[in-house]
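A short write-up of the structure that comes next.
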Amino acid sequence: MREIEGIIVRGIAGFYYVDTEHGIVECRARGKFRKDNITPLVGDIVKIQLVSKKEGYILNILPRKNELIRPPVANVDQAIIVFAIAKPEINRVLLDKIIVLAESNDIEPVICINKIDLESREKVNKLIEIYKKIGYKVVATSVLTKEGIEELKFYLKDKVSFFAGPSGVGKSSLINSIQSNIKLKTGEVSKKLLRGRHTTRSVELLSLDFGGYVLDTPGFTALTLDIAKEDLRYYFKEFLELQRGCKFSSCLHVNEPDCGVIEAVNEGLINRERYISYLTLLREVKEKEKRRY
Ligand SMILES: Nc1nc2c(ncn2[C@@H]2O[C@H](COP(=O)(O)OP(=O)(O)OP(=O)(O)O)[C@@H](O)[C@H]2O)c(=O)[nH]1
Ligand SMILES: [Mg+2]
Ligand SMILES: [Zn+2]
């Protein structure tokens, strides 16, 4: 019987659906990795043994590049961090928090500002320039006018990407607009709260015609950062150079004397909102550490 390689795109009740050169193969897990207590994850590259054209079993899981808990997925290359320019209003602290989460998991962030049809180009540009200047990939999109969709496709090509962001920002709508055979459920933004109605649930990698996979995720309201307070500063990319100017190498850039980061904020070299996000997240991380003892 033939052994082939593929990627797990979906798992339900002990069955794993593996995308291979011969199409999707339904597999059970039977390999020695079961003894090691490793559970196959969506995104895992696996060796499978075919027992028929469309059925087989997983023999081996190849080493993972990374592994996320929520959503449970392995080998993610990049996070498409989606926020809307309006409806719902953008939350900059949450945006910066998701960037930190991605960076700390070795996942490249790509920032996608959606619903640009709802605001002036000026407001959109002002926002995206802040992140472009730091060195992030940024794409401004509208599902309505199709602006930016080709650029988004360019970023998705040949990569495993997951879409993250609050509910109602248009993650599922964006994925639908990328490829006509994908028809994810999308929801109306609730008029009362301007909050979406969590329309996305299952963990499934969707295969793109032009190469690559995407994973839709449900929007969230709360996210916890599991990093040490001393490490947070390293995930704000634009601080890296400037914090060498701090008097103390242990400087957390809060109120220490001769702080290169605070100076840079005052000189306009670091965006003030980004610095406020840093302070807010630092407080959050400190609180969390305190509760641990
Ligand atoms: N004006 C405008 N509306 C959009 C755009 N993209 C999505 N929407 C609308 O925003 C609402 C929410 O879209 P969804 O795609 O369901 O949002 P989501 O991020 O997947 O939400 P969850 O699955 O709840 O996390 C829907 O009513 C969409 O039609 C856009 O570019 N412009
Ligand atoms: Mg959705
Ligand atoms: Zn400092």
Side-chain angles (χ1 to χ4, degrees), residues 70-71 79-91 94-95 98 112-121 123-124 139-152 162-179 182-204 206 214-223 229-234 236 238-267 269-270 274-275 278-279 282:
R70 235 174 353 157
I80 311 297
I81 304 175
V82 185
F83 275 80
I85 192 74
K87 292 187 181 177
E89 204 58 52
I90 188 162
N91 176 338
L94 189 56
L95 167 58
I98 303 173
C112 175
I113 304 299
N114 190 35
K115 305 200 188 185
I116 59 170
D117 54 280
L118 296 178
E119 275 292 349
S120 68
R121 192 66 216 192
K123 183 171 173 188
V124 173
V139 54
T141 56
S142 166
V143 173
L144 250 64
T145 67
K146 302 281 175 265
E147 248 178 291
I149 302 297
E150 286 306 313
E151 195 185 345
L152 178 62
F162 87 91
F163 280 64
S167 192
V169 296
K171 298 179 295 297
S172 304
S173 305
L174 279 167
I175 295 172
N176 286 343
S177 75
I178 285 161
Q179 196 161 299
I182 299 177
K183 293 187 173 67
L184 298 167
K185 259 185 86 178
T186 61
E188 286 298 315
V189 176
S190 148
K191 296 242 158 50
K192 253 192 221 153
L193 291 165
L194 288 178
R195 255 173 75 199
R197 282 184 288 136
H198 296 282
T199 36
T200 304
R201 272 166 226 285
S202 69
V203 179
E204 180 176 6
L206 305 165
V214 294
L215 179 84
D216 192 16
T217 69
F220 38 69
T221 40
L223 265 186
K229 64 176 187 296
E230 296 80 11
D231 290 341
L232 184 66
R233 57 194 162 153
Y234 301 116
F236 280 73
E238 71 273 43
F239 292 9
L240 293 181
E241 275 289 305
L242 296 158
Q243 64 197 358
R244 283 204 233 139
C246 297
K247 185 172 178 188
F248 305 106
S249 62
S250 61
C251 187
L252 293 184
H253 323 314
V254 181
N255 49 19
E256 296 90 336
D258 293 330
C259 169
V261 168
I262 294 173
E263 263 167 38
V265 173
N266 291 333
E267 282 164 21
L269 294 170
I270 288 177
R274 283 276 293 172
Y275 179 60
Y278 169 75
L279 291 180
L282 185 67

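Along the sequence shown, residues are numbered consecutively beginning with 1. We count ligands from 1, going down the list as the structure has it; atoms in each ligand are counted the same way.
With salt bridges taken as basic N to acidic carboxylate O contacts below 4.0 Å, none links Lys247 and Glu263.
Considering backbone and side-chain N/O of Lys171, one or more are found under 3.5 Å from N/O of ligand 1. An N or O contact shorter than 3.5 Å is missing between Gly165 and ligand 1 by distance. The shortest N or O to N or O distance between Asp117 and ligand 1 is under 3.5 Å. Where the criterion is an N or O separation shorter than 3.5 Å, residue side chain and backbone included, Ile116 fails it with respect to ligand 1. Looking at ligand 1, you won't find any N or O of Pro218 less than 3.5 Å from one of its N or O atoms. The shortest N or O to N or O distance between Thr141 and ligand 1 is not under 3.5 Å. For a threshold of 3.5 Å applied to N or O pairs, the pair formed by Leu118 and ligand 1 contains no separation below that value. Residue Ser173 has at least one nitrogen or oxygen atom sitting less than 3.5 Å from a nitrogen or oxygen atom of ligand 1, judged on distance alone.
Taking all heavy atoms of Lys87, Lys115, Glu147 into account, the minimum distance to atom 30 (C) of ligand 1 is reached by Lys115. Scanning Pro88, Gly170, Ala84 for the heavy atom closest to atom 17 (O) of ligand 1 points to Gly170.
Without hydrogens or angle criteria, Lys115 side chain to Leu144 main chain gives no donor-acceptor distance under 3.5 Å.
Classified by interplanar angle (parallel below 30°, tilted 30° to 60°, perpendicular above 60°), the ring pair Tyr278/Phe236 is perpendicular. Under the 30°/60° scheme for interplanar angles, the aromatic rings of Tyr275 and Phe239 are found to be tilted.
Heavy-atom contacts of Asn114 reach the following atoms of ligand 1: 5 (C), 6 (N), 31 (O) (cutoff under 4.0 Å). Here is the list of ligand 1 atoms found below 4.0 Å of a heavy atom in Ser142: 31 (O). Short contacts between ligand 1 and Gly187, defined as distances under 4.0 Å to a heavy atom of the residue, involve ligand atoms 11 (C), 12 (C), 13 (O), 16 (O), 26 (C), 27 (O).
Within the model, atoms CZ of Phe163 and CD1 of Ile175 stand 4.5 Å from one another, a figure rounded to the nearest 0.5 Å. Atom CD of Glu119 is separated from atom CD1 of Ile113 by 12.0 Å, given to the nearest 0.5 angstrom.
Between the side chains of Ser172 and Asp216, at least one donor N or O sits under 3.5 Å from an acceptor N or O.
The side-chain contact (heavy atoms from CB on, under 4.5 Å) test with Asn266 is passed by exactly one of Ile262, Leu269, Ile270: Ile262.
Summary: ND1 is the N/O/S atom of His253 found nearest to the Zn ion (ligand 3).
Because the distance cut-off is set at 2.8 Å, Ser167 fails to qualify as a neighbour of the Mg ion (ligand 2), as none of its N, O or S atoms comes that close.
Heavy-atom contacts from other residues, nucleotides or ligands closer than 6.0 Å to CD of Glu256 number more than 12.
Ile149 places none of its side-chain heavy atoms less than 4.5 Å from the side chain of Val139.
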